[in-house]
Amino acid sequence: MLASIAALLCSIVLILGIESSCDETAAAVVENGETVVSSVVASQMDTHGKYGGVVPELASREHLRAIVPVVREALERAGVSLSGLDAIAATSGPGLVGSLLVGLTYAKSLAFARGLPLIAVNHIEGHIHAVILESRRAGTPVELPALALVASGGHTHLFRVDENFAYSLLGKTRDDAAGEAYDKVAKLLGFPYPGGPIIDRLAPHGNPLAVRFTFAKMKGNALDFSFSGLKTAVLRWVEARDLTADIAGRRALARTTPHASLEEWLAVTPPETLDLLASFQHAVILELLTRAAASAEQIHARAMIISGGVSANAGLRAAARAAHLPYPVHFPSPGLATDNAAMIAAAAFPKLLRKEFAGFDRRRRQSQVGIKQWGWRFRLPNSESYDLRRPRGRGCRGWQTKPSAPLLSREPVSLPRTAAIIRPWISPRPRAPTCWYCFLSASEASATCCWRLERSTCRRCSACIRRRICKPCSIRR
Ligand code: KG4
Ligand code: ZN
């Protein structure tokens, strides 16, 4: 095992990453988990912009349109063909179900057709690896244990990161994510989607202390975040004034000039609104940094990682620098802060070393597929012959190739009908509950209760895995 890992480390390992969890279709080729050979991101901003947020159904359709050209472009730019890859990694969750399905199914198909290992990557872990990738490349690896703050449009989570990339959840938002708060405030004031970048550009033109927002006091876990109170305070502020004409002016600008310049936005935003934006951004930064610093202190962190779309925020970066924290604070470069596939391929590299591969069904499975260079290889049913009888075991598990359970029959049979090919990959209902987001089984779940109920939560993404609807985040399983 050690010899095989050493052999892998000495050679060049190319992983194709695919990301489609929300409104970006992305593909990237990353070498040895630290060099981005190519990275292509197709944004759906123009599609969703007119609705002021992501429309899940439209997102899935756009992913379907973009996935093939985006992957081709990433491979072309990297100057590598599919046969030159060592593994394919794809985001398996959390995210929009329809969107995830497109990227994951495409990755599965490629891996299946090419006999490549498939690696399922958690999107939040991907964001953490965007920073780890760059710090390794720069020769200043992140020291562990580290505190990771992932703040994006869908998540605001605090994790302790230990050796071998083991994560413990320390706190998370109880309502809106930080990026979501940016997007909702922007929409309320007539700015286009996504709201984060435009508020970030306008905030320096206002007074951050003009509007006093109260800091959310959390009962229970003091490391949890809350942004809904802040969002409501902004709504009350807007309702108390007659801003209808201003908001209509900005909506008109967003409609007529999708890529308006800062000067154009400043021309339609009065000083009072600029003050509101600056104060809102100040409150978000305070909320994020205060709880992140408290968590880092609690775990005696040797470094802090701030990642996710909101980490692109210039105000947040400046505040983190100005705080003079007693450990280094690592941010991704702006291109890797928002969703991209390089972070997915980077997060897949340690999994490749650990042979932590995904199966072709819904469930996560370890070490069932061999790696090209060493060990046994994943063998696909070929068109000439294979035994259709189900080998030992229930469900699709028995159909996976293992050296001890060959699929090839002694007497060749012709390739069966499509239905027969498909059936082996459909697994029966899993007996133990499985996390819908990251496919961890109940045995791997933590026993901590979810929303003070005696329920299991997924150790990796903390989704409630025994209930149909997760109480804290009201996500349906
Ligand atoms: O990580 P990401 O691309 O997608 C998700 O995983 O959700 O993050 C997108 C979010 C959006 O809500 C967007 O408003 C926010 O990140 N965002 C920003 C900035 N750039 C993007 N928020 C604050 N300041 C920015 N500069
Ligand atoms: Zn993201």
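Whatever order the structure lists ligands and atoms in, that order sets their numbers, starting from 1. The structure presented is a predicted model; accordingly, all values stated were derived computationally and were not measured.
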J.: Is there side-chain contact between Thr156 and Lys172, with heavy atoms separated by less than 4.5 Å?
T.: no
J.: Evaluate Gly196 for polar contact with ligand 1, using N/O atom pairs at a separation under 3.5 Å.
T.: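 Checking ligand 1 against Gly196, an N or O pair does fall under 3.5 Å apart.
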J.: Is any side-chain N of the basic residue among Lys187 and Glu180 closer than 4.0 Å to the acidic one's carboxylate O?
T.: no
J.: Hey, is ligand 1 close enough to Tyr182 that some N/O pair sits below 3.5 Å?
T.: no
J.: Check contact between Gln281 and ligand 1, using heavy atoms of the residue and a distance below 4.0 angstrom.
T.: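 No, that is not the case, since the closest heavy atom of the residue is not under 4.0 Å from the ligand.
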J.: Would you mind running through ligand 1 and noting each atom that sits below 4.0 Å from a heavy atom of His123?
T.: 6 (O)
J.: Starting from the Zn ion (ligand 2), look over the N/O/S atoms of Asp339 and name the nearest one.
T.: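 Within Asp339, restricted to N, O or S, the Zn ion (ligand 2) is closest to atom OD1.
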J.: Please state which option from Asp176, Thr91, Asp339, Val185 has its nearest heavy atom closest to atom 1 (O) of ligand 1.
T.: Asp339
J.: Would you say ligand 1 has an N or O under 3.5 Å from any N or O of Gly308?
T.: no
J.: Is there a side chain to side chain contact (heavy atoms under 4.5 Å, CB included) between Ile15 and Val29 once you walk through the steps?
T.: CA-CA 6 Å; Ile15 300 180; Val29 177; over 6 Å; no
J.: Got an N, O or S from His127 under 2.8 Å of the Zn ion (ligand 2)?
T.: yes
J.: Distance to the ring centre below 6.0 angstrom and angle to the axis at most 45 degrees; does that hold for Arg302 and Tyr327?
T.: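 No, Arg302 does not lie over the aromatic ring of Tyr327.
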J.: For the Zn ion (ligand 2), find the closest N/O/S atom on His123 and give its atom name.
T.: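 The nearest such atom is NE2.
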